[in-house]
Amino acid sequence: MFISVLELFKIGIGPSSSHTMGPMRAARGFAKQVADWLGAHAADGPCRIQCILKGSLAWTGKGHATDRAITLGLHGLAPEDAASRELEPLAEALARDLPLPLDTSDEVRFSPDTDLVFDRGEPLPQHPNGMIFRLLDRHGTPRLEHICFSIGGGFLADLEEIGRLDAPLRSTGAVSETCPYGFATAAEMLALAQQHALSIAEMKRINESSCRAVDDLDRRLDAIWQAMQQCVHNGLTAEGELPGGLGIRRRAASLHHQLLEHPQQTSPNDWLCAYAMAVNEENAAGHLVVTAPTNGAAGVVPAVLHHFVEHEGGSATQVRDFLLTAAAIGGLIKHNSSISGAEVGCQGEVGAASAMAAAGLCAARGGSPAQVEQAAEMALEHHLGMTCDPVAGLVQVPCIERNGFGAIKAYAAASLARMETGEHFMPLDACIEAMRRTGEEMSHKYKETSLGGLAVSITEC
Ligand code: SF4
């Protein structure tokens with residue numbers, strides 16, 4: 001199996017990888033398709049693009065800024081570019097039915113007010129996060145159509161690719177034959193590590209090096225870590241109310257301030273919460289964030305890593321090993337289950353992030369592959385069954401605090417695993433399988449639709 005560390009950790013913007021980053025990438029891709037199609041066909045006049053959002057995207061797309069993401073994507077913006085732009089005025093300007101910047105003789109326009117449909121009817125049968133893009137000619141006749149799915153973490157699948165998902169979450173055909181140390185399960189990962197006397201980070205590094213030079217890999221890993229640190233810093237220095245109308249105030253900066261004033265009265269839990277909440281408040285504000293493995297769960301890995309560097313003196317080499325190990329575990333979870341709240345609930349987002357962070361921390365502290373596997377298993381196990389029920393479709397309640405608790409569990413799991421031998425009762429593979437089955441049996445109300453749980457329990461007064 002090979003899912004690159006650079007695919008799991010992607011620099012972009014909040015608030016959601018599946019509802020913001022994925023749709024932005026999909027829209028950008030469709031705009032390119034349209035340009036190619038118009039280069040080869042006559043459209044006989046001005047055209048419009050229509051986008052129909054299905055399933056969870058229709059239910060919570062408004063709160064997750066999917067409309068803004070689609071507009072920006074159709075105008076050619078990629079999530080990684082958007083992170084450095086002032087987005088609100090840009091999105092407002094582009095929403096005024098301007099022609100798309102396509103190099104074509106026929107003009108193409110898109111207005112989120114009239115061309116974007118939040119279709120809350122039956123979702124597409126293949127996946128809960130469906131998008132239908134159409135190019136309509138001046139008579140309103142569809143001339144080009146593309147159906148795709150946002151499958152979590154900013155990843156996309158088209159109709160052909162989604163067909164390769166089995167029942168429906170386990171991906172097949174992802175085992176790379178070009179990878180020197182390809183593993184599709186944790187058991188295979190541990191066997192390879194033992195056979196070759198390599199750490200998980202070393203195997204992952206060699207696998208990654210089959211696609212890019214080692215220098216380039218290190219440069220990109222360092223850029224990911226810098227972006228994560230920037231997110232922590234931005235969140236710890238920002239005050240005020242988060243957008244969306246819930247009236248949720250930022251708390252990370254004030255919490256951090258109190259910790260700095262009375263450090264002798266603090267525990268790692270307090271710092272981890274402050275760091276994780278800082279990142280997720282930034283995510284909720286639609287600012288710079290790194291998928292880890294998703295936006296909703298973007299605070300867990302940076303919080304644990306930031307704590308490791310700031311409070312334990314973690315080195316640059318250890319940071320890279322942390323990220324590589326975390327990515328190995330995230331890849332296993334994505335390959336054998338899911339990292340999408342719309343597919344399996346929050347166990348796949350914050351649960352996966354916690355397992356990744358636990359594994360990364362355990363490895364960075366010198367844990368053996370068996371201890372790393374145990375750390376990941378413990379962290380994931382205690383998130384099993386966790387639903388996704390964001391209030392008002394916003395990635396704020398319970399998401400922001402939940403990242404703090406995911407970081408605390410990761411820290412505890414890594415510490416506990418380091419004090420044991422790595423021998424344990426429940427294998428990580430079995431835990432990932434339990435997560436997959438639990439997700440399949442979970443009601444759709446708890447899969448990023450805001451139709452159940454906390455989302456419907458708030459009393460209006
Ligand atoms: S509840 Fe969890 S899975 Fe759902 S949006 Fe929030 S962080 Fe993501």
Taking the side chain as every heavy atom from C-beta outward, state whether Met378 and His424 have any atom pair closer than 4.5 Å. no
Mark yes or no for whether Asp158, through its side chain, and Glu161, through its backbone, hold a donor-acceptor pair below 3.5 Å. yes
Any chance CZ of Arg85 has more than 12 other-residue heavy atoms, nucleotides or ligands included, within less than 6.0 Å? no
To the closest 0.5 Å, what do you measure between CD (Gln230) and CG (Leu288)? 6.5 Å
Looking at Arg219 and Asp215, does any basic side-chain N land under 4.0 Å from a carboxylate oxygen? no
Please tell me if the side chains of Cys431 and Leu384 come closer than 4.5 Å, counting only heavy atoms from C-beta onward. yes
Test item: Thr294 side-chain N/O and Thr291 main-chain N/O as donor-acceptor pair under 3.5 Å: no
Can you tell me which residue among Ser338, Ser18, Ser337 is in a side-chain hydrogen bond (donor to acceptor under 3.5 Å, both in side chains) with Glu343? Ser338
Test item: Ile400 and Glu281 side chains (from C-beta on) under 4.5 Å apart, heavy atoms: yes
Contact check, side chains of Leu8 and Pro293, non-hydrogen atoms, under 4.5 Å: yes
Donor-acceptor check, side chain of Ser443 to backbone of Lys445, threshold 3.5 angstrom: yes or no? yes
Keeping the roles fixed (side chain from Glu401, backbone from Pro398), state whether a donor-acceptor pair exists under 3.5 Å. no
So for atom NE2, which belongs to His196, do other residues, nucleotides or ligands contribute more than 12 heavy atoms lying within a distance under 6.0 Å? yes
With heavy-atom distances below 4.5 Å as the criterion, would you say the side chains of His262 and Asp270 are in contact? no
For the backbone of Ala417 and the side chain of Gln374, can you confirm whether one donor and one acceptor N or O come within less than 3.5 Å of each other? no
Taking all non-hydrogen atoms of both residues, which atom of Leu190 and which atom of Pro369 are closest, and how far apart? CD2-O, 3.4 Å
Return yes if some donor-acceptor pair links the side-chain N/O of His64 with the main-chain N/O of Thr60 below 3.5 Å, else return no. yes
Considering all heavy atoms, the nearest Ala342-Glu448 contact: N-OE1, 3.2 Å
Arg25 vs Phe30, side-chain contact (heavy atoms from CB on, under 4.5 Å): CA-CA, chis, key distance, verdict: CA-CA 9 Å; Arg25 292 182 59 226; Phe30 187 65; over 6 Å; no
Taking His383 for its side chain and Ala379 for its backbone only, find out whether a donor-acceptor pair lies under 3.5 Å. yes
Is there side-chain contact between Leu323 and Leu305, with heavy atoms separated by less than 4.5 Å? yes
Would you please say whether a donor-acceptor pair under 3.5 Å links the side chains of Ser415 and Arg365? yes
Distance-only donor-acceptor check, side chains Gln226 and Asp222, under 3.5 Å: no
What distance separates His382 NE2 from Ile408 CD1, expressed to the nearest 0.5 Å? 14.5 Å
Should the pair Lys10 and Phe155 be classed as cation-pi, given the thresholds of under 6.0 Å to the six-membered ring centre and 45° from the axis? yes
Closest non-hydrogen contact found for Leu124 with Met131 is CD1-N, 4.4 Å
Would Glu208 and Phe2 satisfy side-chain contact (heavy atoms from CB on, under 4.5 Å), going step by step from the backbone distance to the final call? CA-CA 8 Å; Glu208 297 280 344; Phe2 185 69; 3.7 Å; yes
Flag side-chain contact, heavy atom, 4.5 Å: Cys346 against Thr387: no
Determine, stepwise, if the pair Asp67 / Leu53 fulfils side-chain contact (heavy atoms from CB on, under 4.5 Å). CA-CA 10 Å; Asp67 42 357; Leu53 301 175; over 6 Å; no
Trp271 vs Tyr275 aromatic rings, parallel, tilted or perpendicular, using cut-offs 30° and 60°? tilted
Taking Asp119 for the side chain and Lys54 for the main chain, is one N or O donor matched with an acceptor at less than 3.5 Å? no
Within a strict 4.5 Å, meaning less than it, do heavy atoms of the Val279 and Val290 side chains meet? no
Heavy-atom pair of closest approach, residues Gly235 and Ala252: O-CB, 4.1 Å
For residues Ser209 and Val214, report the shortest heavy-atom separation together with the two atoms involved. OG-CG2, 3.6 Å
Run the side-chain contact (heavy atoms from CB on, under 4.5 Å) check on Trp225 and His306 step by step: do they pass? CA-CA 9 Å; Trp225 170 227; His306 188 72; 4.2 Å; yes
What's the spacing between Phe149 CZ and Ile162 CD1 if we round to 0.5 Å? 5.5 Å
Side-chain donor/acceptor of Ser354 to backbone N/O of Gly351, under 3.5 Å: no
Taking everything shown except Gln194 itself, do over 12 heavy atoms lie less than 6.0 Å from its CD? no
Pick from Lys447, His19, His127, His444: which one makes a side-chain hydrogen bond (donor to acceptor under 3.5 Å, both in side chains) with Ser56? His19
Hey, are Arg436 and Glu433 close enough for a salt bridge, meaning a charged N less than 4.0 Å from a carboxylate O? yes
Would the number of heavy atoms belonging to other residues, nucleotides or ligands and lying under 6.0 Å from NE2 of His233 be above 12? no
Looking at CG of Leu72 and CG of Leu77, how far apart are the two atoms once the value is rounded to the nearest 0.5 Å? 5.5 Å
Looking at Glu282 and Arg250, does any basic side-chain N land under 4.0 Å from a carboxylate oxygen? yes
If you look at every heavy atom in Ala355 and Ile333, which pair is closest and at what distance? CB-CD1, 4.0 Å
Does atom CD of Glu261 have more than 12 heavy-atom neighbours from other groups under 6.0 Å away? yes
Kindly check if the number of other-residue, nucleotide or ligand heavy atoms within 6.0 Å of CZ (Phe308) is above 12? yes
As an exercise, state the distance from CE of Met277 to CG of Asn403, rounded to the nearest 0.5 Å. 10.0 Å
Other residues, nucleotides, ligands: >12 heavy atoms within 6.0 Å of Arg251 CZ: no
Quick one: pull up CG in Leu361 and CD in Gln318 and give me the separation to the nearest 0.5 Å. 10.0 Å
Within the distance-only criterion (no hydrogens, no angle test), does the side chain of Glu373 pair as donor or acceptor with the backbone N or O of Leu428 below 3.5 angstrom? yes
